[in-house]
Amino acid sequence: MLKEGFILDERYKIINVAGKGGTSVVYRAADLRANNAQRAVKEVMKANGIDARNARQESQLIKEFYEKDVKNSFFPNIIDTVDTNDALYIVQDYIDGQSMEKLLENSAFEAAAVLSYAKDICYVMSFIHKLGMIHSDMKPDNVMVVRNDENFENKKHADKFGKLKFIDFGSVIARREGTFAYTPAYAAPEQFMEKELDERTDIFNMGATYYHMLTGKKPMNVAVNGRFVPSRERFLFDKSMNADLVRIIQKCVNDDRSKRYRNCDELYDDLYKAENHTYVKITAILAVISAVFLIFSLTAGIIARKTKSEDFNKLVEKAENASQYDEKSEALAAVIDADGSYSKAYLELIELYKKDMVFSEDETTQILRLINENINALRSDSQYEEVAYELGILYWYYYYYGSDGTEQNASTTGKIASVKWFSEAQTDNFKAQDIDKYQIAHIYCTIGDFYSQTQKKENELLKKSYSADLWASMNELNNLVVDANAGSDIIILETYKTLINLENTNMQDFARSGISFSEQKKLMDGIRDKTEKINAAEGSAAELKEYILTSYDKVVESINGSQ
């Protein structure tokens, strides 16, 4: 351990020990190069190489989260990493506050505080899901509440508490390695039974966390003496508790995951409604007042609707006339803020993003903010599935396209994120509207699922089954992408690039699942022939065409060598 006054790396002066964990010590330190700004320095000894490696990976993940979530800043900023012979030191902004679990030792939160914090937790979990990850260990101990006055630990009102910071993502790292990390009090049945986890597992963990916030008590463990404990025994409510919150929590912690919220967007919507729910008592006096002012109200309503319609039309006209990117982007966002159900504005914004072939961080933040704030209104529009489909295309082909040094990782992340939106387009309504795009969305979902499942091919039986499904999906997409007029040449070429790369990566797995090398070569030959017919003389299309044809030669050489 470091002593008080010790200066790490000629910069960070240790003040005291802020906390201890099973494998680490956290110090409070002053940054001598930043006017003594307060820092938290996490010390992980290298005696166990796994701990140091995981700490490094976790800090990199937190840094990525922080950079992608600039506007909300729910994550601490990673300042520095100091690597010594004996230990690894992760330096981040010091969070002056208390863990939520520590605060709950005093008392339960009032319903208003629970709803306020529940929305923030839901937002962060949705953020993680949209990056293609699962947390699997959400609990009050992983959430810090920032101090906002000297007596804040004793406050119970939502407006008296500070904002939240999320601090522990070790379970996310563990999930990447295929392990089952969870805390028994907040765990879902599938975690105890070591079944496959998904977004609904995190929703269960959140529901258990909300229960602790509302009742002040930890839930009963998911198992006692090796016996599974059902939710009806784990989560008990008093009649005096907020009915909306009780209903939301019970849905989150349903043992049958198919009966939980499907995703964080659905949960957030219910939390929002509960937070803004008001009860109106109808009395005889109010009835009389309503009768007296009925005509006035109707007249005022007509005038208000007319004014609102005129204002909205002006916003639409401004967006249509805007020519510069920033001006048009802001104008379209204003249209959506005025009417969240106006699908045309979302579609035009997506087309605007595509123009430079890059779906950037700022654009991702903008479109997700607009959708999250207006999801209920948007879903009520008949073109919602079209918006979802185009968002899937945007993530699949344009997400950080061509970014230096990170194209491959960004590409995979984008494909995983696109699955959510392609799934939203899988409705009978969209099937009736556009059968071709409906079918394409279905295939994209299948291949996108493959990207998220790649790390889970743990045995030959699973590889064989999954490879056969992937091969069938690849052939379907190859047949559909041109026939259905899926998009521009760049999208068609990107599809061929995806198919070529999948073949190159899974060639032997395909063979083991019964797909002959001659069948594989036939698919590659068809892709080469169709690529050669595409007129791509310059720019990104020309680069893609060259990549596909060059890769074709290498892949076919490998196929021939394997026969």
Side-chain angles (χ1 to χ4, degrees), residues 67-72 127 130 265 306-404 407 410-411 413-414 417-418 420-422 424-425 430 433-434 437 441 485-494 538-541 544:
E67 291 172 349
K68 290 182 182 297
D69 190 45
V70 175
K71 290 189 176 181
N72 293 283
F127 172 86
K130 287 179 171 66
D265 290 340
K306 183 175 184 298
T307 302
K308 183 177 180 180
S309 177
E310 290 174 351
D311 291 342
F312 181 73
N313 289 337
K314 289 178 181 178
L315 291 174
V316 172
E317 184 178 356
K318 182 178 179 181
E320 290 175 348
N321 293 331
S323 57
Q324 298 299 315
Y325 172 89
D326 289 342
E327 181 186 6
K328 195 171 188 67
S329 174
E330 291 177 8
L332 287 168
V335 171
I336 295 170
D337 284 332
D339 183 355
S341 68
Y342 193 62
S343 295
K344 184 179 178 182
Y346 294 94
L347 293 170
E348 289 183 6
L349 194 55
I350 291 169
E351 287 304 310
L352 183 66
Y353 294 159
K354 291 179 182 177
K355 285 188 176 179
D356 64 352
M357 301 302 301
V358 179
F359 183 31
S360 68
E361 282 189 74
D362 288 343
E363 290 168 342
T364 305
T365 300
Q366 182 186 49
I367 194 72
L368 289 181
R369 195 268 302 174
L370 292 169
I371 289 174
N372 288 338
E373 291 180 359
N374 299 283
I375 188 63
N376 282 338
L378 179 58
R379 280 187 174 138
S380 69
D381 190 84
S382 61
Q383 282 191 290
Y384 169 66
E385 290 90 343
E386 177 75 16
V387 173
Y389 175 84
E390 292 298 336
L391 274 168
I393 292 291
L394 190 65
Y395 267 105
W396 190 283
Y397 291 116
Y398 298 91
Y399 187 69
Y400 299 147
Y401 184 90
S403 56
D404 293 339
E407 180 179 351
S411 175
T413 301
S418 72
K420 166 186 168 55
W421 298 111
F422 285 131
E424 292 289 295
F430 193 51
Q433 286 181 5
D434 195 325
K437 286 185 177 179
N485 190 24
S488 64
D489 285 345
I490 195 74
I491 290 182
I492 294 172
L493 288 169
E494 274 284 10
E538 58 184 18
S540 298
L544 274 171

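This structure is a prediction, so every number in the text was calculated from the model and none was measured.
Leu394 places none of its side-chain heavy atoms less than 4.5 Å from the side chain of Glu363. Residues Tyr399 and Thr364 are in side-chain contact: their nearest non-hydrogen atoms beyond the backbone lie under 4.5 Å apart. Contact of the Val316 side chain with the Lys344 side chain is not registered, since no non-hydrogen atoms from C-beta on lie closer than 4.5 Å.
By the salt bridge (Lys or Arg N to Asp or Glu O under 4.0 Å) test, Asp381 pairs with no residue at all, sequence neighbours left out. Shown here are the ring pair (Phe, Tyr, Trp, His ring centres under 6.0 Å) partners of Tyr346, two or more places apart in sequence or in another chain: there are none. A search for side-chain contact (heavy atoms from CB on, under 4.5 Å) contacts involving Ala322 returns Glu327, Lys328, not counting sequence neighbours. In this structure Glu424 satisfies the side-chain contact (heavy atoms from CB on, under 4.5 Å) test together with Asn263, Arg379, Tyr384, Ala388, Trp421, sequence neighbours excluded. Qualifying side-chain contact (heavy atoms from CB on, under 4.5 Å) partners for Ala319, counting only residues two or more places apart in sequence or in other chains: Ala331, Leu332, Val335. Under the side-chain contact (heavy atoms from CB on, under 4.5 Å) criterion, Asp356 pairs with Val358, sequence neighbours left out.
Residues Phe422 and Ala441 approach most closely at CB-O, 3.7 Å, considering heavy atoms. Shortest non-hydrogen contact noted between Ile371 and Leu378 is CG1-CD2, 4.4 Å. Taking every heavy atom of both residues into account, Ser341 and Ser380 meet most closely at CB-OG, 4.2 Å. Across all their heavy atoms, Leu315 and Ala334 have their closest contact at CD1-O, 3.9 Å.
Residue pairs meeting the salt bridge (charged side-chain N to carboxylate O under 4.0 Å, His left out) criterion with at least one partner in residues 383-392, sequence neighbours excluded, are Lys354-Glu390, Glu386-Lys437, Glu390-Lys437. Judged as a ring pair (Phe, Tyr, Trp, His ring centres under 6.0 Å), not a single pair has a partner in residues 315-337 (not counting sequence neighbours). Applying the salt bridge (charged side-chain N to carboxylate O under 4.0 Å, His left out) test to residues at least two apart or on different chains, the pairs with a partner in residues 329-341 are Asp337-Arg369.
The structure places CD1 of Ile336 at 4.5 Å from CG of Leu370, a figure rounded to the nearest 0.5 Å. Here CG of Leu349 is found 4.5 Å from CD1 of Ile367. Values are rounded to the nearest 0.5 Å. With rounding to the nearest 0.5 angstrom, the CG atom of Leu352 is 12.5 Å from the CG atom of Leu347.
A ring-ring contact (aromatic ring centres under 6.0 Å, His included) with Tyr353 is found for exactly one of Phe359, Tyr398, Tyr395, namely Phe359.
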